Every structure is written in C-alpha cells, then in structure tokens.
Student: 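Have a look at the structure that comes next, please.
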Amino acid sequence: MKNTIVTKFGGSSLASSEQFRKVKSIVTSNKDRRFVVPSAPGKRDSKDYKITDLLYLCNAHVKTSIPFDDVFKLIEERYCSIVRDLSIDIDINIPLEKIKEDIKNGASADYAASRGEYLNGLILAKYLEYEFIDAAEIIVFNEGGTYDQEKTKIKVEERLSKVKNAVIPGFYGANEEGEIVAFSRGGSDVTGSIIAASINASLYENWTDVSGFLMADPRIVDNPKAIEKITYKELRELSYMGASVLHEEAIFPVREAGIYINIKNTNRPEDPGTLIVDDIQDVKNHGKITGVAGRKDFTVIAIEKALMNSELGFTRRILSILESYGISYENMPSGIDTVSLVIADSQLKNKKDKVVEEIKRQCSPDSIDVYPNMAVIATVGRGMAKATGVAAVLFSALAKANINVRMIDQGSSEMNILVGVATSDFEKAVNAIYAAFEK
Ligand code: ADP
Ligand code: ASP
Ligand code: MG
C-alpha cells in the first residue's frame with residue numbers, strides 16, 4: 001500500500017494520559033499513519049509497574065489459588081485514569097470485568113497478558129477515532145504455537161484493505177481454535193513488523209522512549225550517540241546481543257518485504273531517530289563501529305589438546321555431547337590446539353558437570369577449564385569489514401581499562417567482534433569500547 005505507514009507505540013509511549021496526547025498529535029500530524037499498533041501501558045517512572053507484568057501476576061495468583069483482586073485493581077485504575085483524563089467516550093469497566101472473570105476462571109497466561117494490549121487498543125482507537133481491529137482476527141498462529149506467515153498475510157491484507165485507519169493491538173494473535181497466543185516479551189514490535197510486511201507498507205515506524213537506536217545501551221553508557229542509519233544485519237547482531245530497543249524477531253518480516261524501520265522518540269518527535277535499511281553504500285564508516293551491545297550470564301568451557309586440528313571428529317564429538325544434553329551453544333571460537341564453548345547459563349542449567357565429564361571421557365583433552373559468570377560483548381559495524389586497526393583499538397582500550405579478555409571471536413562477516421569478559425567487568429568494558437571509538 002502506497003503512502004501507508006504502520007506506526008507502533010511502545011509501553012512507555014502509552015503509559016499515561018499525557019503520553020496518549022503525544023501519541024495522538026504524532027498520529028494526526030501525518031495522514032499516512034493509517035495503522036497504529038499499541039503496546040500495553042508501561043512504566044510511568046522507574047518505580048511503576050508494567051501492565052503486562054501485572055496481568056501475568058494475576059494469572060500466576062489464580063494458578064496458586066491466591067486472590068488477585070489487589071493486583072487487578074492496579075490495572076483497572078491505570079486504564080480508568082487514562083479514559084477519565086482524556087474524557088474518552090468508552091465504558092472500559094465492561095471489558096475489564098469480563099477479563100477479570102476470565103482470569104479468575106483459569107484463562108491462559110497468554111490470554112491474560114494479551115489483554116493489556118487489547119484494552120489499550122480499544123481506548124486508543126476511540127481516542128484517535130480509528131477503527132479497532134482485534135489482532136485475534138488477523139494474526140494467525142499454528143497449532144504448535146508458531147505464527148503462520150501466509151495465513152496472516154491473507155487475513156491482514158483482506159481486512160485492512162477495507163478500512164482507512166485502524167488500531168490493531170500488538171503482542172498477540174489467535175490459533176484456528178480461537179485461542180489467544182502471545183509472542184514473547186516485547187512482541188508488539190513483531191506485530192507491527194508483520195502488519196507492515198503483510199500490506200507492503202511504505203514504512204514501519206517504531207515509537208519508543210529513546211531517540212533511536214543508540215550506539216550503546218543508555219543504561220550503561222552516559223548519553224550515547226544515536227545511530228542515524230543502520231543495516232538490518234547490524235541491527236540483528238546488536239539486538240540479539242542485548243540492545244533491547246527492538247524485539248530481535250521484528251526485523252525479519254519487514255526485511256523480507258524491503259520495508260525500512262524508523263525508530264523514533266515519542267517524547268522528542270522532532271529528533272530524526274534511526275533508519276534501519278537494507279544496505280548502506282557509503283564508505284564514510286570505514287574503520288568505525290556502528291554500536292556495541294552485550295549480554296551477561298554465560299559460561300565458557302575452554303578445551304585444549306595438542307594437535308586437536310588434525311584429530312578427525314574432535315569438534316563433532318564435542319557438539320554431539322552438547323546435543324545429547326539438549327544444549328545449544330552461542331559461539332565456538334577455536335585456535336590450533338584450543339576450542340572454547342560459549343554457552344548461555346539458561347542453556348547449561350545444572351548440566352555443567354556432566355557435560356565436562358563427558359567431554360573428558362570422549363575427547364581426552366589436555367586441559368578443560370570452566371569460566372562461569374562471563375559476559376559477551378559484541379562490537380558491530382559494517383565499517384569494520386576489511387578495515388585494519390579496528391581490533392587493535394578495541395583490545396588496547398580493554399587493556400588500558402585493565403580488563404582481562406577471556407574469549408575472542410570474529411564473525412565471518414567481519415562485521416562483528418565478540419569478546420568474553422568477567423561479568424563484573426561488563427559495564428566497564430562496554431564504556432571502554434564506546435569511548436575508544438566515539439572520541
Ligand atoms: P518500548 O516499551 O517502547 O517497546 P523498550 O523498553 O522495549 O521500549 O525499548 C527501549 C529501551 O531499550 C530504551 O529505553 C533503552 O533503555 C533500551 N536500550 C538498550 N539498548 C539500547 C540501545 N542500543 N539504544 C537504545 N535503547 C536501548
Ligand atoms: N506488553 C508486552 C510486554 O511487555 C509486549 C510489548 O511491550 O511489546 O512484553
Ligand atoms: Mg519494546
């Protein structure tokens with residue numbers, strides 16, 4: 001659809017009546033903003049609650065037979081105050097009561113959580129005078145709980161071609177039995193991307209509380225610079241590695257359809273934000289990085305054996321041990337006589353000792369060391385490929401900050417250098433890398 005922008009607003013953008021006002025003024029300032037995807041109300045300040053968290057909590061209370069009236073009251077109050085402050089002509093108590101009843105009667109966690117977006121969608125649609133389209137009608141999930149791209153595309157195209165403007169709540173859809181299925185946390189980003197791709201929108205706007213994708217997490221680095229333009233590939237690496245601005249799966253639908261994403265700040269709409277594109281052919285970025293991101297809670301298992309490389313099937317045996325324990329690994333950097341397995345703690349759980357024993361038994365390594373409490377940091381940039389000296393700047397910055405690097409891995413795209421450091425050095429390392437490249 002030409003001249004059609006799909007506009008997604010995150011939880012903080014819709015956390016209060018004041019935020020709703022900003023959203024209305026953004027939507028109405030460009031008539032191309034025809035389809036709006038809201039999240040559930042997020043935090044109004046750092047001590048506040050996210051409605052989605054409260055809904056999950058209600059569901060958990062019911063499962064353990066604990067009364068949830070007090071928690072539900074917080075939810076009711078939030079929606080009622082938005083409706084009241086903005087004098088929106090809607091009786092929000094009717095759906096609120098039904099939802100409370102459904103949760104009490106044992107509705108699923110996905111159903112409970114999805115109601116945050118559903119209610120916000122009802123309110124926002126009324127406020128914008130847009131049609132409300134329930135995501136359960138058009139976002140289709142398979143029996144196995146995965147989202148069905150083809151069926152969704154047909155439904156979205158058909159339904160949206162009939163309306164001028166609509167609000168479609170994010171984060172959920174339904175299977176063919178009509179049961180609500182939610183995406184993983186932060187999934188409204190995915191809904192926006194699916195809608196944009198299904199109707200071939202001219203742009204997917206993602207409005208949040210920061211002025212775009214920043215070069216580093218603003219909770220770690222003070223006032224990091226915003227990235228003006230970034231490729232899907234770089235963004236994928238950064239969001240996978242912890243830059244949580246955009247759900248990591250939100251890139252795929254729009255990338256396939258060749259639709260750009262613009263990340264914008266609801267609180268500073270005049271800022272240009274970040275444009276996420278397919279390819280950038282400038283050479284300006286030569287030797288520069290695009291961003292840095294990282295994640296904690298990894299364990300590194302370092303294995304050493306002389307002449308490992310010439311021993312047939314050595315790494316295969318290691319990988320089949322991991323497979324037999326149902327563990328997937330994050331990275332596997334290797335040298336001539338060494339190989340390290342970088343594994344997320346959530347994967348390893350309590351299987352560490354068994355895995356180490358099994359590697360010893362089947363592979364007879366010269367040594368095997370386990371480093372728990374590791375963080376992995378990705379330094380990403382298209383300008384790093386073929387540029388000399390980038391790694392030198394990176395490692396000397398870490399050395400100067402007295403940080404011990406326990407693992408190094410460079411992706412074959414040459415767009416990403418991964419380093420493993422102790423979790424206690426994580427924040428210091430991210431700051432050191434950022435400062436070295438952003439002088
Ligand atoms: P929304 O509720 O709008 O979906 P999120 O909380 O999911 O917003 O994502 C925005 C947040 O992501 C920011 O407030 C910021 O704290 C965090 N963040 C982490 N890494 C980055 C980064 N590299 N650039 C911008 N924001 C980041
Ligand atoms: N409200 C959901 C969550 O908190 C989805 C989203 O915000 O995108 O995860
Ligand atoms: Mg989000």
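Below, each value reflects all heavy atoms present in this structure, side chains not excepted, and no hydrogens, waters or symmetry copies. Values in this document were obtained by computation on a predicted structure and should not be read as measured data. Whatever order the structure lists them in is the order used to number ligands and atoms, beginning at 1.
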Student: Could you tell me whether a side-chain N or O of K8 sits under 3.5 Å from a main-chain N or O of N206, the two making a donor and an acceptor?
Tutor: no
Student: At the 4.0 Å heavy-atom cut-off, does G291 count as touching ligand 1?
Tutor: no
Student: Among protein heavy atoms, which sits nearest to atom 5 (C) of ligand 2, and what does the distance come to when rounded to 0.1 Å?
Tutor: E117 OE2, 3.4 Å
Student: Under 4.0 Å, heavy atoms only, figure out whether ligand 2 is touched by the backbone of S188, its side chain, both or neither.
Tutor: both
Student: Tell me: protein heavy atom nearest atom 17 (C) of ligand 1, and distance?
Tutor: R219 NH2, 3.6 Å
Student: Establish, yes or no, whether the cationic atom of K288 lies under 6.0 Å from the six-membered ring centre of F437 and within 45° of the ring axis.
Tutor: no
Student: In this structure, does ligand 1 have an atom that sits under 4.0 Å from one of the heavy atoms of G212?
Tutor: yes
Student: I want to know if ligand 1 touches F213 in the polar sense, i.e. an N/O pair below 3.5 angstrom.
Tutor: no
Student: Check for me whether S13 has a heavy atom closer than 4.0 Å to any atom of ligand 1.
Tutor: no
Student: Using heavy atoms and a threshold below 4.0 Å, how should the contact between A216 and ligand 1 be classified: side chain, backbone, both, or neither?
Tutor: backbone
Student: Does any N or O atom in K8 lie less than 3.5 angstrom from one in ligand 1, N or O only?
Tutor: yes
Student: Just checking, is any N or O donor in the side chain of N262 or E205 under 3.5 Å from an acceptor N or O on the other one?
Tutor: no
Student: Is the cationic atom of R295 (NZ for Lys, CZ for Arg) positioned less than 6.0 Å from the six-membered ring centroid of F298 and within 45 degrees of its normal?
Tutor: no
Student: Do N265 and E270 pair up side chain to side chain, a donor and an acceptor below 3.5 Å, judged on atom types alone?
Tutor: no
Student: Which atoms of ligand 1 have any heavy atom of L214 under 4.0 Å away?
Tutor: 22 (C), 23 (N), 24 (N), 25 (C)
Student: Applying a strict 4.0 Å limit to heavy atoms, is G116 in contact with ligand 2?
Tutor: no
Student: Among all protein heavy atoms, pick out the one at the shortest distance from atom 21 (C) of ligand 1; state its residue, atom name and that distance to 0.1 Å.
Tutor: V245 CG2, 3.5 Å
Student: Where do T231 and E234 land on the side-chain hydrogen bond (donor to acceptor under 3.5 Å, both in side chains) test, with the steps shown first?
Tutor: CA-CA 5 Å; T231 59; E234 292 167 299; 2.8 Å; yes
Student: If you measure every N or O of A243 against every N or O of ligand 1, does any of those distances drop under 3.5 Å?
Tutor: no
Student: Whether the side chain of D45 engages the backbone of K47 through a donor-acceptor N/O pair (distance < 3.5 Å, no angle test) should be reported.
Tutor: yes
Student: Tell me if the aromatic rings of Y118 and F132 count as close, with their centers under 6.0 Å from one another.
Tutor: yes
Student: So is T208 polar-close to ligand 1, meaning N/O to N/O under 3.5 Å?
Tutor: yes
Student: Looking only at protein heavy atoms, which one is nearest to atom 7 (O) of ligand 2, and what is the separation?
Tutor: S39 OG, 3.5 Å
Student: For atom 14 (O) of ligand 1, find the nearest protein heavy atom and state the residue, atom name and distance (0.1 Å precision).
Tutor: D209 OD1, 2.8 Å
Student: Evaluate the side-chain hydrogen bond (donor to acceptor under 3.5 Å, both in side chains) criterion for residues D89 and Y127: first the C-alpha distance (whole Å), next the side-chain angles of each, then the deciding distance (0.1 Å), finally the verdict.
Tutor: CA-CA 8 Å; D89 182 20; Y127 186 48; over 6 Å; no
Student: With a 4.0 Å cut-off on heavy atoms, is G42 in contact with ligand 1?
Tutor: no
Student: Looking at atom 4 (O) of ligand 2, what's its closest protein heavy atom, distance included?
Tutor: R185 NH2, 2.9 Å
Student: At under 4.0 Å between heavy atoms, is it the side chain or the backbone of H247 that contacts ligand 2, or both, or neither?
Tutor: neither
Student: Under the 6.0 Å and 45° cation-pi test, does R78 pair with Y49?
Tutor: no
